[in-house]
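Note sheet for the following structure.
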Amino acid sequence: MSTDPAPSDPFDPDRAYRCSPRVALRPEPFGALVYHFGTRRLSFLKTPQLVAVVSGLEQHHSVHAAIDAADVEDTQRPAYLRALAGLAANGTIEQRS
């Protein structure tokens with residue numbers, strides 16, 4: 001029996017996440033290109049600060065902590081949480097135990 005969360009689990013910013021091992025990030029001046037090897041989907045992270053949050057997820061105990069570490073302004077926090085929820089829904093980031 002696997003303890004990995006199902007992809008349909010709701011996004012919970014109080015939990016620990018990581019960038020999926022099936023995803024490659026390629027830094028660009030605007031942010032990053034994101035390629036998912038499982039779905040063959042190409043997407044974009046539109047700011048370097050969002051790249052810092054996604055790249056830093058593995059080092060933090062929660063999404064909130066990763067956002068704090070990237071110095072995201074409080075006024076931008078809801079937009080970042082929406083973006084990260086979308087990344088979780090499409091499999092770019094995933095919960096970790």
Partners meeting side-chain hydrogen bond (donor to acceptor under 3.5 Å, both in side chains) with [X] (sequence neighbours left out):
X	value
R22	none
D12	none
D74	none

Quiz item: Residues two or more places apart in sequence or in another chain: which of them pass side-chain contact (heavy atoms from CB on, under 4.5 Å) with R26?
Solution: E28, L33

Quiz item: Excluding sequence neighbours, so at least two apart, what forms side-chain contact (heavy atoms from CB on, under 4.5 Å) with S43?
Solution: V34

Given the rule that I, L, V, M, F, W and Y join up when any side-chain heavy atoms are under 4.5 Å apart, are [X] and [Y] in one cluster?
X	Y	answer
L25	Y35	no
L42	F30	yes
L81	V54	yes

Between [X] and [Y], what is the shortest heavy-atom contact and its length?
X	Y	answer
V51	A32	CG2-CB, 3.6 Å
P29	P48	O-CG, 4.0 Å
Q76	V72	CB-CG1, 3.8 Å
E94	P21	OE2-CD, 3.3 Å
G56	H60	O-CD2, 2.8 Å

Quiz prompt | Residues that Y80 engages under ring pair (Phe, Tyr, Trp, His ring centres under 6.0 Å), provided they are two or more places apart | solution = none

Practice problem: Dump the intermediate steps for side-chain contact (heavy atoms from CB on, under 4.5 Å) on L84 and Y17, then the final yes or no. | Solution: CA-CA 10 Å; L84 291 163; Y17 280 75; over 6 Å; no

Quiz item: Heavy-atom count around R77 CZ within 6.0 Å, excluding the residue itself: above 12?
Solution: yes

Could you tell me whether the side chain of [X] and the main chain of [Y] form a donor-acceptor pair under 3.5 Å?
X	Y	answer
Q49	A70	yes
H36	G38	yes
R96	E58	yes

Quiz item: When rounded to the nearest 0.5 angstrom, what is the spacing between CG in L57 and SG in C19?
Solution: 8.0 Å

Quiz item: Roughly how far, to the nearest 0.5 Å, is CG of L87 from CD1 of I93?
Solution: 5.5 Å

Quiz item: Does some side-chain heavy atom of V63 sit less than 4.5 Å from a side-chain heavy atom of R15?
Solution: no

